Amino acid sequence: MAKAQQTAAVRPDIATPELIGLMIGTARTLEHVDPDPESQRRVLAVLRDGLRYAQRA
């Protein structure tokens, strides 16, 4: 996690326990969404996009 944050691949304001919680929540979400692979890809894309480091102007 630290390496990902140092390379600006992951936003700097998230800690490992928060990431674990997000992963658990995402796994539970995937149990309840449409089993269609495209639907599951969208859920995972939302998680990935939220973790990305975005420099603010």
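Counting from 1, the numbers follow the sequence of the chain as shown. All figures in this text were calculated on a predicted structure; none of them were measured in a lab.
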Does atom CE of Met23 have more than 12 heavy-atom neighbours from other groups under 6.0 Å away? no
What is the minimum heavy-atom distance between Tyr53 and Ala8, and which atoms define it? CB-O, 3.5 Å
Quick one: closest heavy-atom pair of Gln5 and Arg11, and the distance? NE2-O, 3.1 Å
Rounded to the nearest 0.5 Å, what separates atom [atom1] in [X] from atom [atom2] in [Y]?
X: Thr29; Y: Leu47; atom1: OG1; atom2: CG; result: 9.5 Å
X: Leu19; Y: Thr26; atom1: CG; atom2: OG1; result: 9.0 Å
X: Asp34; Y: Arg42; atom1: CG; atom2: CZ; result: 8.0 Å

Assigning hydrophobic clusters by single linkage (Ile, Leu, Val, Met, Phe, Trp, Tyr; side-chain heavy-atom cutoff under 4.5 Å), is Leu22 placed with Leu44? no
Indicate, with yes or no, if Leu51 and Met1 share a hydrophobic cluster defined by side-chain heavy-atom contacts under 4.5 Å among Ile, Leu, Val, Met, Phe, Trp and Tyr.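 Yes.
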